[in-house]
Participant: 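Handing you a structure now.
Letters A, B, ... are given to chains in the order of the sequence lines, protein chains preceding strands, and every chain is numbered from 1.
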Protein chains: 4
Amino acid sequence: MMKTAIVGASGYSGEELVRLLSRHPQVELALVSSRSLVGKPLVEVMPKFRGLVPAELTFSDSDPEALAARSDIDVFFLALPHGVAAEFALPLVKAGHKVIDLSADFRLGCPVRYEEFYGKAHPAPDMLDQAAYVIPEITPAGWESAPLIASPGCYPTSVIAPLVPLLRAGIVSTKGIVANAMSGVSGAGKKLAEAYLYCERNESAKAYGLPKHRHLSEIEEQLSTAAGSDVVIQFNPHLAPMQRGIASTITVPAAKPDLAALYAAWNAAFAERPFIGILPSGTTPDTAHVSGTNRLDMSAVYDERTGNFIITSAEDNLVKGASGQAVQIMNLWLGFNETDGLL
Amino acid sequence: MMKTAIVGASGYSGEELVRLLSRHPQVELALVSSRSLVGKPLVEVMPKFRGLVPAELTFSDSDPEALAARSDIDVFFLALPHGVAAEFALPLVKAGHKVIDLSADFRLGCPVRYEEFYGKAHPAPDMLDQAAYVIPEITPAGWESAPLIASPGCYPTSVIAPLVPLLRAGIVSTKGIVANAMSGVSGAGKKLAEAYLYCERNESAKAYGLPKHRHLSEIEEQLSTAAGSDVVIQFNPHLAPMQRGIASTITVPAAKPDLAALYAAWNAAFAERPFIGILPSGTTPDTAHVSGTNRLDMSAVYDERTGNFIITSAEDNLVKGASGQAVQIMNLWLGFNETDGLL
Amino acid sequence: MMKTAIVGASGYSGEELVRLLSRHPQVELALVSSRSLVGKPLVEVMPKFRGLVPAELTFSDSDPEALAARSDIDVFFLALPHGVAAEFALPLVKAGHKVIDLSADFRLGCPVRYEEFYGKAHPAPDMLDQAAYVIPEITPAGWESAPLIASPGCYPTSVIAPLVPLLRAGIVSTKGIVANAMSGVSGAGKKLAEAYLYCERNESAKAYGLPKHRHLSEIEEQLSTAAGSDVVIQFNPHLAPMQRGIASTITVPAAKPDLAALYAAWNAAFAERPFIGILPSGTTPDTAHVSGTNRLDMSAVYDERTGNFIITSAEDNLVKGASGQAVQIMNLWLGFNETDGLL
Amino acid sequence: MMKTAIVGASGYSGEELVRLLSRHPQVELALVSSRSLVGKPLVEVMPKFRGLVPAELTFSDSDPEALAARSDIDVFFLALPHGVAAEFALPLVKAGHKVIDLSADFRLGCPVRYEEFYGKAHPAPDMLDQAAYVIPEITPAGWESAPLIASPGCYPTSVIAPLVPLLRAGIVSTKGIVANAMSGVSGAGKKLAEAYLYCERNESAKAYGLPKHRHLSEIEEQLSTAAGSDVVIQFNPHLAPMQRGIASTITVPAAKPDLAALYAAWNAAFAERPFIGILPSGTTPDTAHVSGTNRLDMSAVYDERTGNFIITSAEDNLVKGASGQAVQIMNLWLGFNETDGLL
């Protein structure tokens with residue numbers, strides 16, 4: 001069996017990668033690394049995996065050179081904080097490993113854009129150029145030849161996937177797009193901050209990150225590519241009192257006020273794709289229905305009164321929004337069934 | 001002490017009225033009626049009020065004539081399902097009682113609009129004409145002379161209150177308004193339906209009621225009055241996995257792209273109003289911070305990239321969104337301190 | 001592949017059986033029946049299974065004779081309300097099918113006991129006699145020859161599994177056992193009752209079913225068999241505001257005040273069992289760590305001050321507490337790996 | 001109006017004291033102190049109090065001498081971590097202020113017991129001697145002359161209050177008492193630790209602090225006094241996934257197997273007490289029904305099979321379990337109505 005490794009495995013997307021890779025029929029989870037947890041058995045840090053991962057699997061140190069030297073490992077998943085991935089990506093790619101990065105560091109096409117949104121110069125512009133941003137159902141073929149795959153952000157997947165086919169088909173306008181999204185608390189990461197204490201988040205719904213959330217950088221880049229022109233959107237994220245899930249609601253003026261055409265564009269784009277659920281108009285996606293799965297459900301209605309489509313989508317932020325999509329990418333990259341380990 | 005009654009007291013807004021009126025320093029809760037609970041002691045049906053309401057307070061029948069004959073009662077709160085209120089409102093008003101209706105039945109200015117949104121002919125167009133729709137911080141003086149006050153819907157308060165001063169002052173455009181809102185489950189009422197079971201709502205976030213939720217009828221009427229022209233908006237409601245709270249996020253093109261002017265309009269409109277919290281730009285309202293209170297918090301940012309203001313608000317759907325606002329209306333109507341029983 | 005069927009598939013344990021059987025590597029879910037949902041596609045009723053079960057799988061009628069005539073089906077899982085199973089079990093067994101019953105109808109050894117606790121005469125005393133009550137880690141070999149297997153109740157598994165090895169080894173007293181348990185709301189079933197509405201269960205923790213919960217019937221029978229004498233216990237169940245999980249805390253006087261001996265008894269009883277987690281003394285089981293898995297975690301401490309052991313356990317009430325254990329039983333009964341479809 | 005101060009106001013019981021004292025009709029909240037929040041406006045740290053506390057109320061430093069010199073303040077509430085209170089209590093009492101301590105530091109009668117359970121020598125044994133431990137419904141008259149009142153712990157109130165009248169009346173045995181309790185997460189305090197993150201506590205129910213939780217020290221002291229002999233109990237606390245509430249279930253052998261006598265003892269002990277709810281046998285207390293109130297509900301059943309009473313109780317851990325009881329004590333101490341500010 002091919003071997004995988006998770007670098008920076010201590011957060012929630014790291015945990016989700018452990019869950020998916022440890023039960024993947026085609027690969028083995030051979031290594032987990034974390035600077036803060038070196039030497040600790042994984043099952044001690046993540047008790048929910050008792051009986052599901054080997055008791056001997058302990059955290060290695062996150063040392064780029066040592067990891068790059070691991071010729072036995074085929075795929076490295078980077079689950080590191082933003083700004084750190086390049087330190088690992090460069091030596092790993094150089095040593096010939098396949099790398100799937102879950103951070104934002106290689107998602108954009110342009111270092112200037114990266115600096116605008118992330119506040120620092122891009123550490124590896126050449127790699128940025130070679131990296132491919134992949135939502136499997138959306139990204140045109142050919143990405144498999146990239147040396148490094150940037151796995152998209154959680155909110156971006158929920159907004160980009162429904163919109164791109166509609167922009168390509170000229171169904172929706174490129175102007176006036178307003179995307180609102182609600183996320184479960186795991187989307188904030190396993191951060192020790194008062195704001196994420198149970199008693200602070202319980203019964204709490206609020207917007208944050210207005211008006212220029214970092215995810216706009218990749219969302220607008222992808223939408224602009226699909227539209228063939230600059231697309232600027234309003235993106236309003238919110239925290240909701242739940243553990244998992246992203247529900248997004250996108251209001252967009254119709255270019256072609258034809259709901260059937262919208263659904264036709266979706267059906268054409270997503271025919272046979274195992275992880276896209278196209279729900280009939282009038283049935284709205286529900287985070288509880290996709291929780292724990294790699295599925296993204298979507299639906300749309302048309303409002304005659306405003307001339308807008310309202311497009312709704314739901315995903316599990318840790319699965320299709322992060323680690324599940326990363327594993328889906330690995331499956332395609334390594335020639336497995338797309339659904340291996342994800343059903 | 002003046003006496004109050006709650007007609008149709010068995011739902012969540014009815015419960016909230018019991019909570020507020022039973023501890024109000026200026027009034028007494030003298031009667032609760034409910035067709036389905038006749039004869040039952042209130043504390044038996046609503047155990048959380050043990051020790052807070054008299055043990056002898058039992059549910060009366062909801063009989064319009066009998067209630068109208070209660071000359072000892074000064075104010076009647078109607079917490080009935082839509083379409084039922086007129087049956088009670090007419091005899092109560094005729095008998096000289098003050099009536100505050102929490103249903104939608106008397107909120108609109110126009111029976112045609114009512115029929116469009118509520119699917120049936122308005123049962124009492126004359127009363128509709130005389131009724132006043134009151135958000136105390138917004139509605140111009142003079143409403144106190146109406147014989148019946150229509151207390152606004154939960155979502156509408158959270159959208160109308162922030163927008164009206166900005167429309168009046170020409171700060172925001174009348175076109176392209178997109179209002180998204182997230183509500184706790186109590187907003188759906190105490191309905192026995194599978195959708196509202198704990199296991200169905202836990203971890204569930206989803207849009208519903210797209211694209212033409214009934215609350216649009218009163219929202220657009222109020223916004224149009226404020227704007228002096230027809231305003232049509234996109235209104236996207238969502239259920240979130242919490243018990244109480246509404247968080248609304250309104251994207252609206254700036255007519256005057258001047259955030260300071262927006263805040264000045266708010267400050268002017270809401271100076272000294274005890275239940276409006278104007279938060280500095282960058283601090284977003286949080287349902288957990290207003291839970292159990294009659295306060296509506298609001299905040300705004302300006303996005304140079306889109307030319308939009310994004311206005312956020314939060315309230316407790318059962319308090320400022322329903323029963324608290326109704327009690328606030330009563331306070332003003334009866335000449336009490338506006339905050340009596342609401343702090 | 002062998003074929004399975006779920007009779008009465010509409011509740012939460014039915015849903016959990018759908019989840020487990022639809023992804024089981026060795027069997028196919030060929031039929032789901034429900035009197036109330038005849039003709040409806042399963043994915044329409046249970047949207048979370050979109051993409052995971054065939055779109056054509058619709059609910060059949062729950063007709064005992066028709067089901068018994070299905071010679072293509074190897075194992076029938078009965079997920080019916082108590083009192084109904086016999087109607088199905090008898091014809092199914094007679095027709096030579098393997099039957100695993102998730103109800104309480106065949107759990108006891110004695111019809112008199114059934115009548116005492118369930119309030120009606122046992123509908124099939126002969127079958128009761130032949131049926132085997134199986135907790136795989138506990139029940140002595142030989143049960144595989146029974147024609148019908150009674151899968152234990154959720155609370156019972158969490159109490160019986162930790163105690164039986166200790167009773168057999170004389171580590172704990174047979175007198176003075178006090179078992180307290182907290183369950184998630186799914187344990188109450190998908191019942192349409194006000195008590196199970198989200199707003200009623202949120203923030204609600206309470207005892208219920210005191211003092212003689214029905215599960216005492218099977219708990220005491222199993223404990224008495226293990227002890228070789230009559231064991232009567234105090235069993236105090238509680239509802240907690242969570243969707244899944246049972247956490248049980250059992251206080252029992254030590255017969256042998258030797259914690260090491262207790263752990264030795266557990267290790268001997270559960271050596272190599274894939275679904276038992278024996279946690280070191282001082283680490284307590286957590287429902288969140290076993291959620292979605294078929295694992296039962298247990299731990300114990302000894303209190304010198306009282307001479308009691310306090311034994312704690314945690315399971316997912318729908319998995320190890322119901323449907324997971326039923327699938328585990330099927331695996332052993334049909335000669336599969338014990339863990340097939342359960343990891 | 002008399003003036004109050006909260007020393008160490010930054011935690012959840014501190015917040016609850018702010019809520020109760022700021023709306024108390026007879027006192028004014030004049031000062032809040034916190035070493036970590038010096039100079040910050042209270043409404044900035046605790047946004048839920050916007051409009052409810054003066055905008056100018058800022059956190060003072062927690063300096064014992066400076067606080068003691070505040071001759072304008074009548075009552076000081078200490079909401080400090082254990083071990084710290086003496087530093088403040090001594091100078092405050094010496095300066096003639098009334099002091100109500102919410103920590104455990106002055107709850108016990110005996111410094112040896114304190115050292116056994118809290119792991120350090122008692123810092124002020126003389127004050128310990130003079131301090132009074134007060135559950136108003138239980139503690140005999142005369143406590144008002146103490147210079148310092150120790151407000152009980154959250155779990156202890158829920159166990160002591162129901163049991164003491166029954167021990168005094170010889171209704172229950174002094175041996176074999178097993179008390180299990182479930183608490184909401186706010187009971188753990190506003191601690192920045194991974195264990196209290198939303199995603200760690202959601203869906204999580206678990207025992208902790210076995211077998212010798214610190215609260216045993218005061219529970220057993222109070223029960224022993226009531227019984228007139230040494231009482232040792234089993235106390236098993238649990239965390240449940242809710243914000244507030246304690247539900248306790250106490251199994252105790254009946255000394256007098258007479259449920260009517262038990263209820264008679266309760267009725268005699270608690271006649272006319274406004275904050276005790278005695279529920280009929282068969283109705284169990286529910287944390288959701290007492291949330292936000294100062295009420296403790298209790299109920300009992302008798303089990304013929306075991307000869308045990310099972311006594312259930314529910315309270316809000318922050319109100320009757322901490323700050324509400326402290327305010328109730330203040331009311332009685334200062335001669336107000338017992339219910340002032342608590343209804």
Participant: Using distance alone, with no hydrogens and no angle check, list the donor-acceptor pairs under 3.5 Å between chain C and chain B.
Facilitator:
{"unit_1": "C:Y12", "atom_1": "OH", "unit_2": "B:E200", "atom_2": "OE2", "d": "2.8"}
{"unit_1": "C:Y196", "atom_1": "O", "unit_2": "B:Y198", "atom_2": "N", "d": "2.8"}
{"unit_1": "C:Y198", "atom_1": "N", "unit_2": "B:Y196", "atom_2": "O", "d": "2.8"}
{"unit_1": "C:Y198", "atom_1": "OH", "unit_2": "B:P241", "atom_2": "O", "d": "3.0"}
{"unit_1": "C:Y198", "atom_1": "OH", "unit_2": "B:M242", "atom_2": "N", "d": "3.4"}
{"unit_1": "C:C199", "atom_1": "O", "unit_2": "B:Q243", "atom_2": "NE2", "d": "3.2"}
{"unit_1": "C:E200", "atom_1": "OE2", "unit_2": "B:Y12", "atom_2": "OH", "d": "2.8"}
{"unit_1": "C:N202", "atom_1": "ND2", "unit_2": "B:Q243", "atom_2": "OE1", "d": "2.8"}
{"unit_1": "C:P241", "atom_1": "O", "unit_2": "B:Y198", "atom_2": "OH", "d": "3.0"}
{"unit_1": "C:M242", "atom_1": "N", "unit_2": "B:Y198", "atom_2": "OH", "d": "3.4"}
{"unit_1": "C:Q243", "atom_1": "OE1", "unit_2": "B:N202", "atom_2": "ND2", "d": "2.8"}
{"unit_1": "C:Q243", "atom_1": "NE2", "unit_2": "B:C199", "atom_2": "O", "d": "3.2"}

Participant: Side chain, backbone, both or neither: which part of B:A193 has a heavy atom under 4.5 Å from chain C?
Facilitator: backbone
Participant: List in chain and number order the residues that pass ring pair (Phe, Tyr, Trp, His ring centres under 6.0 Å) with C:F106, two or more places apart in sequence or in another chain; answer none if no residue qualifies.
Facilitator: C:H122
